[in-house]
There are 2 protein chains.
Amino acid sequence: MRVGTLGHALLGLLADHPRTGYALLKHFEQSLGYAWPASHSQIYPELAKLREAGLIREGASLPRGGRPYELTKAGHEEVRRWLRETEPSHTVRNEASLRLFFLWLLEPDEAQAYLRDEARRARHVLAELEAIAAEPDPDSPKTRAYGIALELGLRTWRARLEWAEWAVTEICRAPG
Amino acid sequence: MRVGTLGHALLGLLADHPRTGYALLKHFEQSLGYAWPASHSQIYPELAKLREAGLIREGASLPRGGRPYELTKAGHEEVRRWLRETEPSHTVRNEASLRLFFLWLLEPDEAQAYLRDEARRARHVLAELEAIAAEPDPDSPKTRAYGIALELGLRTWRARLEWAEWAVTEICRAPG
DNA sequence: CGAGGCATGTAAGTTGTTACATGATTAG
DNA sequence: CTAATCATGTAACAACTTACATGCCTCG
């Protein structure tokens, strides 16, 4: 079996402690999803594949049909191999940014409205990230790594907000 | 036919002036690709679909087998409809950022090396964008829109570089 | 007892990646 | 002449989205 990015992300989360598919899903929604979104319809089949490949195993089932998975030794080795031996992909795909190249096809006021919406969106995401940053957590290698990831989110969305506020005035600036 | 993001991007580029598939590909590599990468194996079939849908039409063929496409009236309407009436997707997918959440699975020196590489990458992309920004172009709605897109790239990669330089020291900071 | 959150799955379709495959033209 | 760039396509596969589908438990 060939493990992809989602598979490695699941292994990485399970490296911390066993979790159910649902708990993994919630983790994506609350933190990883800012960098790599995943839906339940992708997570459950992927867990089944990782189990067949012997990288995770099922633990004792929980109350409401919840079935926790834990990492096997092979799974632990695989996630470390991924981090150490494979090149990270730097491709970025962002439809909202792509649209900027076509703003000149709209009337100036429509283009400006788009940029104002971009500012609004940035403010919204930034507020979410600041709420996460406000939660205190003890210092450990794991929380340190999460803090570094969070700080990247804060800085890039802050930059995006400042850019959007600049762009709103730039788009209607007098020619020259 | 249902037109997706790639299709709309192609229509948007052709709204400026007719181009061959190859010219569109080069445009993706040099500018749009920073926000939405596309390969020739995706572009050529997509152009064929847009033509069948009557959104673009083929012009007279050029010297080396090049076949330029131009926008039809329906194509022009479709790209404007896309910009005005559909919600932009804000999903972001970035493997390099995802890996940050798993840095604690590596030895401290390996994690630091990863962050140093992130800084190097940011410096590289920033240099590319600054080279593009250095090229002078006349003021027009189109160049204004491109300038706004470019400025976003400059600011976000600048933020990412500063973040990476901070993170390199943060990851090896004394606990507490 | 109903709404909402917990919990898991499948199916169909779209999109994107990697590899295979070919041929023309031009600059050195 | 040969390497690079121009130029276009297909095929197989992997990944992702959207919709369909089900059932349990708890709080009000």
Side-chain angles (χ1 to χ4, degrees), chain A residues 1-11 18-30 32-33 35-53 56 58-69 82 86-95 98, chain B residues 1-11 18-30 32-33 35-53 56 58-69 82 86-95 98:
Chain A
M1 178 215 183
R2 216 195 81 79
V3 182
T5 303
L6 174 63
H8 285 120
L10 294 171
L11 294 178
R19 297 172 213 249
T20 66
Y22 190 76
L24 290 162
L25 173 66
K26 292 296 140 179
H27 212 299
F28 269 90
E29 284 172 3
Q30 288 156 30
L32 300 210
W36 196 273
S39 60
H40 80 275
S41 63
Q42 236 189 316
I43 290 173
Y44 290 116
E46 186 69 24
L47 286 170
K49 275 197 272 173
L50 293 173
R51 189 192 46 207
E52 280 165 43
I56 61 178
E58 226 175 296
S61 59
L62 298 171
R64 309 178 189 189
R67 304 206 274 92
Y69 288 100
W82 171 59
T86 67
E87 272 300 299
S89 155
H90 285 88
T91 62
V92 173
R93 214 174 270 282
N94 189 330
E95 201 212 273
L98 174 72
Chain B
M1 179 217 182
R2 216 196 81 78
V3 182
T5 304
L6 175 63
H8 285 120
L10 294 171
L11 294 177
R19 299 173 212 247
T20 65
Y22 190 77
L24 290 162
L25 173 67
K26 292 295 140 180
H27 212 299
F28 269 91
E29 284 172 3
Q30 287 155 30
L32 300 209
W36 196 273
S39 60
H40 80 275
S41 63
Q42 237 190 314
I43 290 173
Y44 290 116
E46 186 68 24
L47 286 170
K49 276 197 272 174
L50 293 171
R51 189 191 49 208
E52 281 166 44
I56 61 177
E58 226 175 296
S61 61
L62 299 171
R64 308 177 190 188
R67 302 201 278 96
Y69 289 100
W82 171 59
T86 66
E87 273 300 299
S89 155
H90 289 270
T91 61
V92 174
R93 216 175 268 283
N94 189 329
E95 201 211 274
L98 175 71

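Letters go in sequence order (proteins before strands), and every chain restarts at 1.
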Discussion item. Between A:Gly4 and A:Ser41, which residue's closest nucleotide on DNA chain D lies nearer the 5′ terminus?
Written reply: A:Gly4

Worksheet entry | Most 5' of B:Gly21 and B:Arg93 on DNA chain D, judged by nearest nucleotide | B:Gly21

Fill in: Nearest-0.5 Å distance that lies between atom CG in A:Leu24 and atom NE2 in A:His40
14.0 Å

Practice prompt. Please report the C-alpha distance between B:Glu52 and B:Lys49 in whole Å, then the side-chain angles of each, then the deciding distance to 0.1 Å, and finally whether the salt bridge (Lys or Arg N to Asp or Glu O under 4.0 Å) criterion is met.
Written response: CA-CA 5 Å; B:Glu52 281 166 44; B:Lys49 276 197 272 174; over 6 Å; no

Worksheet item: Has the side chain of B:His8 got a donor or acceptor atom that lies under 3.5 Å from a matching backbone atom of B:Gly4?
Response: yes

Rounded to the nearest Å, what distance is computed from the [atom1] atom of residue [X] to the [atom2] atom of nucleotide [N]?
{"X": "A:Ile43", "N": "D:dC16", "atom1": "CD1", "atom2": "P", "answer": "11 Å"}
{"X": "A:Glu46", "N": "C:dG9", "atom1": "CD", "atom2": "P", "answer": "13 Å"}
{"X": "B:Tyr44", "N": "D:dA7", "atom1": "OH", "atom2": "P", "answer": "8 Å"}
{"X": "A:Leu25", "N": "D:dT17", "atom1": "CG", "atom2": "C1'", "answer": "14 Å"}
{"X": "B:Phe28", "N": "C:dT15", "atom1": "CZ", "atom2": "P", "answer": "14 Å"}
{"X": "A:Glu58", "N": "C:dA7", "atom1": "CD", "atom2": "P", "answer": "14 Å"}
{"X": "A:Leu10", "N": "C:dT8", "atom1": "CG", "atom2": "P", "answer": "13 Å"}
{"X": "B:Leu50", "N": "C:dT15", "atom1": "CG", "atom2": "C1'", "answer": "14 Å"}

Item to complete: Check whether any side-chain N or O of B:Tyr22 sits under 4.0 Å from OP1 or OP2 of D:dT8, and answer yes or no.
Response: no

Worksheet item: Would you say a side-chain N or O of A:Arg2 is under 4.0 Å from OP1 or OP2 of D:dC13?
Response: no

Quick one: which of [options] gets closest to the side chain of [X]?
{"X": "A:Arg67", "options": "D:dT10, D:dT8, C:dT8", "answer": "C:dT8"}
{"X": "A:Gln42", "options": "C:dA19, D:dA15, C:dT8", "answer": "D:dA15"}
{"X": "A:His40", "options": "C:dT10, C:dG9, D:dG9", "answer": "C:dG9"}

Worksheet item: Quick one: on DNA chain C, does B:Lys49 or A:Lys26 contact a more 5' nucleotide (nearest heavy atom)?
Response: A:Lys26

Worksheet item: Considering all heavy atoms of both residues, which atom of B:Ala9 and which atom of B:Leu32 are nearest to each other, and what is their separation?
Response: CB-CD1, 4.3 Å

Worksheet entry | For the student: nearest non-hydrogen atoms of A:Ala53 and A:Met1, plus distance | CB-SD, 3.6 Å

